[in-house]
Amino acid sequence: MILRREIRTDDVYRTCNLPLRFMYPKLFRGYRQLDSPLPHPCYRSSSMEYGWHAPTIHTVPTTFYPRNTSFSSDLIRAGMYQNCSLNTELDKSLF
C-alpha cells in the first residue's frame, strides 16, 4: 500500500508562523460546494460565492500574526466604562 503525502502550504509557498489549519486546508469543513441540490438562482447572492468553495493551498494566507489580548485583559480588570456625567436634557412627557 502506497501512502500519498498531502501537499502542505509550505511545500508550495514560503510561510511564516502558520497554524496547522492553514498548512492543511483540506481540514476545513462545512463548505457548500458539495451540497446538493443547488439553491435556486433567484435566491443566490454574490456574497454566497465567498463561502461556496473550500480553501486551497493557493487561497489560504501565507503569514499569520495573532493578536494579543492585552486590551481585553485590561478591560476585564478595570470594568466597562460608565458615563456618570450630568444629564441636562428635558424629560419628554407623553402629554
Side-chain angles (χ1 to χ4, degrees):
M1 181 172 152
I2 298 174
L3 294 175
R4 189 173 149 213
R5 183 177 171 266
E6 285 289 323
I7 296 176
R8 293 170 39 127
T9 305
D10 60 354
D11 292 339
V12 180
Y13 297 103
R14 186 178 342 153
T15 61
C16 178
N17 196 24
L18 274 185
L20 187 65
R21 66 180 184 263
F22 294 137
M23 286 294 190
Y24 296 101
K26 287 192 175 190
L27 295 178
F28 285 102
R29 298 283 181 242
Y31 288 88
R32 301 186 57 156
Q33 64 187 2
L34 302 177
D35 282 357
S36 62
L38 297 174
H40 192 275
C42 290
Y43 301 110
R44 290 201 41 138
S45 64
S46 59
S47 63
M48 289 176 71
E49 292 296 321
Y50 293 109
W52 192 265
H53 300 284
T56 65
I57 59 171
H58 305 290
T59 58
V60 294
T62 56
T63 57
F64 183 73
Y65 301 107
R67 295 184 179 177
N68 63 13
T69 58
S70 63
F71 176 79
S72 299
S73 300
D74 292 342
L75 187 63
I76 288 171
R77 276 189 266 128
M80 289 296 291
Y81 169 75
Q82 286 185 324
N83 185 0
C84 298
S85 62
L86 181 63
N87 183 7
T88 59
E89 185 177 355
L90 293 173
D91 290 338
K92 296 180 173 92
S93 75
L94 298 173
F95 302 106

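When the ring pair (Phe, Tyr, Trp, His ring centres under 6.0 Å) test is applied to Tyr43, the partners found at least two apart in sequence or on another chain are His40. In terms of the salt bridge (charged side-chain N to carboxylate O under 4.0 Å, His left out) criterion, Arg21 has no residue partners (sequence neighbours excluded). With sequence neighbours excluded, the residues forming a side chain to side chain donor-acceptor pair (under 3.5 Å) with His58 are Tyr13, listed by chain and number. Taking Thr88 as the reference, nothing meets the side chain to side chain donor-acceptor pair (under 3.5 Å) condition, with sequence neighbours excluded. Among residues two or more places apart in sequence or in another chain, the side-chain contact (heavy atoms from CB on, under 4.5 Å) test is passed with Glu89 by Asn87, Lys92.
Of the inter-residue distances, the one linking Ile7 atom CD1 with Tyr24 atom OH reads 11.5 Å to the nearest 0.5 angstrom. Remark: Ile57 CD1 to Thr62 OG1 distance equals 12.0 Å, nearest 0.5 Å. Note: Leu20 CG to Arg8 CZ = 7.5 Å, rounded to the nearest 0.5 Å.
For the pair Leu18 and Met23, the tightest heavy-atom approach, listed with the atom from each and the gap, is CB-CE, 3.9 Å. Closest of all the heavy-atom pairs between Pro55 and Thr59 is CA-OG1, 3.4 Å. Shown here for Thr56 and Pro25, the closest heavy-atom pair between the two residues is C-CG, 3.7 Å.
Remark: side-chain polar atoms of Thr15 are not paired, donor with acceptor, to backbone N or O of Asp10 under 3.5 angstrom.
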Please tabulate, for the side chains in residues 65-79, all donor-acceptor contacts under 3.5 angstrom to protein atoms that are two or more places apart in sequence or on a different chain.
residue: Ser73; atom: OG; partner: Thr69; partner atom: O; Å: 2.8
residue: Asp74; atom: OD1; partner: Arg77; partner atom: NH2; Å: 2.7

